[in-house]
Chemist: 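The structure's right below; bear with me while I get my questions together.
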Amino acid sequence: MATNDFLPINGTDYVEFYVGNAKQAAHFYQTAFGFQPLAYAGLETGLTDRTSYVLQQGKIRFILTSALIPGSDIGEHVKQHGDGVKVVALWVDDARKSFEETTKRGAKPYQHPITDKDENGEVVLSGIHTYGETVHIFVERKNYTGVFLPGYVKWEPEYRPSDVGLKYVDHMVGNVDWGQMNTWTEFYAKVMGFNQLISFDDNDISTEYTALMSKVMSNNNGYIKFPINEPAKGKKKSQIEEYIDYYRGSGVQHVAMATDNIMITVGELRKRGVEFLTVPDTYYETVSERVGLIDEDLKTLQKLGVLIDRDDEGYLLQLFTKPVEDRPTVFYEIIQRKGAKSFGKGNFKALFESIEREQARRGTL
Ligand code: FE2
């Protein structure tokens with residue numbers, strides 16, 4: 001790790017979604033995705049304007065937050081974007097310094113550093129704006145031993161479906177508006193000290209109809225990876241453009257969650273009703289030529305719809321859910337890395353053709 005890293009990050013702390021009905025969303029993430037109940041804040045804990053449920057699986061923590069009153073930022077966010085990601089929180093050792101270093105490099109402040117305390121210690125929180133209405137919160141929790149953050153109580157419902165083996169956030173992708181990819185990759189480089197890993201242009205990633213451009217930004221230790229996509233002109237509307245239209249601007253497109261055994265995880269998710277994009281059977285006719293020998297049984301992968309890609313360092317297994325809201329916006333990726341550090345570029349074409357079939361059904365292609 002570079003010693004001159006001005007923004008050391010230990011990992012993703014949590015992802016907060018602003019949603020229309022946090023209680024029902026929490027039930028969905030428990031039942032369908034196997035998230036475990038962790039913490040709660042709402043009327044019972046003295047809040048008057050919102051309710052938040054915190055769920056955890058492996059190291060992945062989601063907060064689902066809804067407004068209790070009209071006219072709040074939360075309600076306005078949902079009205080504008082539908083259910084979506086508001087906060088990508090980053091776990092740091094020094095939230096004051098993180099705020100200072102990023103704002104002096106041009107980040108727009110969202111939350112000046114504050115200290116929150118309860119009987120379990122204290123946390124320092126600060127925040128900056130990123131693309132669209134999305135924000136980063138820096139969370140310093142080294143002096144805190146409570147269940148989540150001050151203000152939250154343990155959430156202990158009787159209903160606890162088992163987890164599905166999801167371990168950590170592998171990467172989180174942002175879709176940004178036309179012509180804004182470089183603005184935001186430069187933001188991550190200049191303001192947050194990230195490096196660019198890879199870039200694709202529309203020659204790499206295009207089908208007959210749709211195209212996109214993408215660059216992957218990563219922090220110094222590689223724990224945080226943010227691919228940034230922008231739409232590119234195709235014959236018809238790309239899925240990135242569709243997202244931008246329905247989300248009404250830039251926002252988080254997908255959260256990729258890692259597993260150690262994609263066959264068990266995906267088998268379980270399918271059983272629980274999670275819907276995945278389908279790939280044509282023809283994909284599996286040629287995949288062996290492209291990726292060579294793999295440990296897994298290809299027939300089983302085909303049955304589960306798992307995609308395979310290889311790079312210089314190994315291979316990866318991945319697949320994508322359909323959007324999990326009414327609007328065609330946020331979805332999830334399930335990924336298992338077997339040496340590969342890339343993002344499945346070889347699968348993009350097969351995948352996009354699959355997404356286009358979905359778009360055609362929605363009449364938005
Ligand atoms: Fe991804």
Side-chain angles (χ1 to χ4, degrees), residues 11-12 15 33 58-60 62 84-85 88 130-131 134 166-176 181 184-185 188 194 196-202 204-207 210-219 222-232 238-240 242-244 247 250-259 262 265-266 269 274-279 283 291 304-311 313-324 328-355 358:
T12 308
V15 181
F33 280 91
K59 293 179 181 170
I60 311 164
F62 285 172
V85 173
V88 177
T130 177
Y131 50 77
T134 318
L166 297 171
K167 303 286 186 196
Y168 59 89
V169 173
D170 185 274
H171 60 275
M172 293 189 64
V173 179
N175 279 346
V176 298
M181 180 181 67
W184 290 104
T185 55
Y188 282 106
F194 283 30
Q196 186 181 325
L197 293 184
I198 317 166
S199 76
F200 310 110
D201 63 24
D202 46 352
D204 289 324
I205 314 172
S206 61
T207 63
T210 71
L212 73 79
M213 295 193 284
S214 185
K215 286 182 180 175
V216 181
M217 303 305 290
S218 170
N219 80 319
Y223 292 176
I224 305 295
K225 292 185 281 287
F226 292 150
I228 306 288
N229 299 332
E230 80 169 56
S238 75
Q239 51 137 330
I240 313 300
E242 182 193 39
Y243 174 102
I244 298 289
Y247 199 74
S250 309
V252 170
Q253 178 207 38
H254 74 266
V255 180
M257 303 187 284
T259 169
I262 201 161
T265 299
V266 171
L269 290 169
V274 174
E275 297 177 312
F276 292 94
L277 292 177
T278 54
V279 277
Y283 172 89
V291 300
L304 293 168
V306 173
L307 306 168
I308 311 131
D309 197 25
R310 186 177 280 281
D311 64 22
E313 293 168 281
Y315 68 96
L316 63 82
L317 304 159
Q318 67 183 167
L319 83 172
F320 300 84
T321 72
K322 292 182 183 177
V324 295
T329 54
V330 183
F331 60 87
Y332 293 94
E333 173 180 350
I334 311 298
I335 183 167
Q336 181 179 3
R337 294 189 180 277
K338 305 202 79 167
K341 296 208 177 75
S342 51
F343 297 85
K345 176 177 151 181
N347 286 322
F348 286 1
K349 196 172 160 66
L351 195 65
F352 280 19
E353 284 164 355
S354 167
I355 293 171
E358 297 287 325

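For ligands, and for the atoms within them, numbers begin at 1 and follow the listed sequence.
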Chemist: Please work out whether the ring planes of Tyr188 and Phe194 are parallel, tilted or perpendicular, with thresholds of 30° and 60°.
Modeler: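 Tyr188 vs Phe194 ring planes: tilted.
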
Chemist: Hey, which of Asp170, Asn347, Asp309 is the one that makes side chain to side chain donor-acceptor pair (under 3.5 Å) with Gln318?
Modeler: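 Option passing the side chain to side chain donor-acceptor pair (under 3.5 Å) with Gln318: Asn347.
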
Chemist: Inspect the surroundings of NZ in Lys341 and state if more than 12 heavy atoms from other residues, nucleotides or ligands are less than 6.0 Å away.
Modeler: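 Open: at most 12 neighbouring heavy atoms sit under 6.0 Å from NZ of Lys341.
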
Chemist: Please give me the minimum heavy-atom distance between Thr321 and Val274, naming the atom from each residue.
Modeler: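 So the two residues come closest at CG2-CG1, 3.7 Å.
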
Chemist: Can you list, by chain and residue number, the protein N, O or S atoms under 2.8 Å from the Fe ion (ligand 1)?
Modeler: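 Hits for the Fe ion (ligand 1) below 2.8 Å: His171 NE2, His254 NE2, Glu333 OE1.
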
Chemist: Do Gln253 and Phe331 touch side chain to side chain, with heavy atoms closer than 4.5 Å?
Modeler: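 They are in side-chain contact.
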
Chemist: For Phe33 and Tyr332, run ring-ring contact (aromatic ring centres under 6.0 Å, His included): C-alpha distance rounded to whole Å, both residues' side-chain angles, the deciding distance at 0.1 Å, then the answer.
Modeler: CA-CA 10 Å; Phe33 280 91; Tyr332 293 94; 5.2 Å; yes

